[in-house]
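What follows is a set of notes on a single structure, which appears directly below.
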Amino acid sequence: MNDARIRQALHSRVIRHHHRSQNTLVIDELGLYHGQSRIDIAVINGKLSGYEIKSESDNLSRLPAQANYYNSIFGKLTLVVANKFLQQSLDIIPDWWGVIVAKRGTRDGIHLERVRPDSRNNNVDPYSLAMLLWRNEVIKLLQSVGYTGQQLRQPRKRLYSHLVDALNPAEIQSIVCVALKSRENWRYHEPPL
């Protein structure tokens, strides 16, 4: 029961309705914090939801750091975990994360059992959300709210700060979702600065 089989079961059973929606983008292995972390599956519509998979062949050593990254970006999160990691993982993740246990089903299939529903994260960080934007996207947004010239030639971190100063958190979330869904060839974006 490896990551790939669990991922396939998630796509075909748990999030299949998102795949059918024209207003939703589902991304495997979405990079966060300019490549410092990745979430296994991101669902982007009017909000960002994430799914992290821990299969039987994984361990939980990276989960605390991953949780810190994910908690600052995603409005909802679900951990999909092999049964052997269930109790230990509950001590690591916040109570608002949903939990699905992946078990071997009959005839070696994957059985997904929801043990805890997800709830809303009230501590999404606007700056962390803004970091999902490419430099050209941030510059375009800042231009639309009156930034010009030298203000736009600053380091990327400063541009994100300007964006957080100029817009409220709900606007930033909406803009990030629209930008991610609008990208063509989004995996092949401009090189990092």
Side-chain angles (χ1 to χ4, degrees), residues 7 10-12 14-53 66-80 94 96-98 117-193:
R7 184 184 304 261
L10 271 171
H11 281 295
S12 66
V14 177
I15 59 174
R16 72 175 176 260
H17 63 285
H18 290 301
H19 285 286
R20 294 179 186 148
S21 172
Q22 291 182 339
N23 296 322
T24 302
L25 176 64
V26 178
I27 301 173
D28 281 337
E29 302 295 330
L30 176 64
L32 311 171
Y33 287 87
H34 302 290
Q36 292 181 39
S37 186
R38 290 190 176 279
I39 189 143
D40 287 317
I41 301 173
V43 177
I44 303 155
N45 40 38
K47 61 182 186 277
L48 281 89
S49 301
Y51 293 83
E52 180 61 24
I53 300 167
Q66 289 172 315
N68 285 333
Y69 287 123
Y70 304 162
N71 292 344
S72 65
I73 292 175
F74 292 95
K76 290 193 172 187
L77 281 158
T78 300
L79 179 65
V80 184
W96 57 267
W97 281 42
D118 59 9
S119 55
R120 198 172 75 163
N121 174 11
N122 294 316
N123 295 308
V124 172
D125 176 45
Y127 184 91
S128 298
L129 272 177
M131 287 178 66
L132 291 170
L133 298 171
W134 295 338
R135 182 181 178 87
N136 63 329
E137 293 167 334
V138 175
I139 289 172
K140 187 185 236 182
L141 288 166
L142 289 172
Q143 287 172 327
S144 74
V145 294
Y147 284 76
T148 59
Q150 187 60 34
Q151 294 172 310
L152 300 174
R153 289 188 279 281
Q154 296 178 351
R156 188 170 50 186
K157 290 179 180 180
R158 190 71 190 123
L159 295 177
Y160 295 139
S161 292
H162 288 320
L163 192 65
V164 170
D165 291 342
L167 302 171
N168 69 48
E171 291 170 321
I172 292 172
Q173 177 176 303
S174 176
I175 286 166
V176 166
C177 290
V178 168
L180 292 173
K181 291 189 303 184
S182 301
R183 287 181 186 163
E184 293 181 19
N185 299 321
W186 63 268
R187 287 195 188 270
Y188 307 103
H189 60 81
E190 62 190 21
L193 302 174

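What's counted below: heavy atoms across the whole structure, side chains too, no hydrogens, waters or symmetry copies.
Side-chain atoms of Asn121 come within 3.5 Å of backbone atoms of Phe74 as a donor-acceptor pair (strictly under, hydrogens ignored). In this structure, Tyr70 contributes its side chain and Arg38 its backbone to a donor-acceptor pair below 3.5 Å. Gln173 places no side-chain N or O within 3.5 Å of a backbone atom of Ala170 that could act as its donor or acceptor partner. When atom types are taken as modelled, the side chain of Asp40 and the backbone of Ile53 share a donor-acceptor pair closer than 3.5 angstrom.
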Q | side chain to side chain contact (heavy atoms under 4.5 Å, CB included) between Asp28 and His11, worked out | A | CA-CA 10 Å; Asp28 281 337; His11 281 295; 2.8 Å; yes
Q: Could you walk me through whether Ile139 and Arg135 pass the side chain to side chain contact (heavy atoms under 4.5 Å, CB included) test, one step at a time?
A: CA-CA 6 Å; Ile139 289 172; Arg135 182 181 178 87; 3.9 Å; yes
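With rounding to the nearest 0.5 Å, the separation of CG in Leu48 from CG in Leu132 is 6.5 Å. Between atom CZ of residue Arg153 and atom CD of residue Gln151 there is a gap of 10.0 Å, rounded to the nearest 0.5 Å. Rounding to the nearest 0.5 angstrom, the gap separating the CG atom in Leu77 from the OG atom in Ser49 is 7.5 Å. Note that the OH atom of Tyr147 and the CG atom of Leu141 stand 11.5 Å from one another [nearest 0.5 Å]. Leu142 CG to Asp165 CG: the interatomic distance, rounded to the nearest 0.5 Å, is 10.0 Å. Here the CG-NZ distance, from Leu159 to Lys157, works out to 12.5 Å after rounding to the nearest 0.5 Å.
When each of Asn122, Asp118, Asn123 is checked for a side-chain contact (heavy atoms from CB on, under 4.5 Å) with Arg120, only Asn122 meets the rule.
Surrounding NZ of Lys76 are more than 12 heavy atoms belonging to other residues, nucleotides or ligands, all under 6.0 Å away.
In this structure, Tyr160 and Tyr127 have perpendicular ring planes: the angle between them is above 60°, well past the 30° mark.
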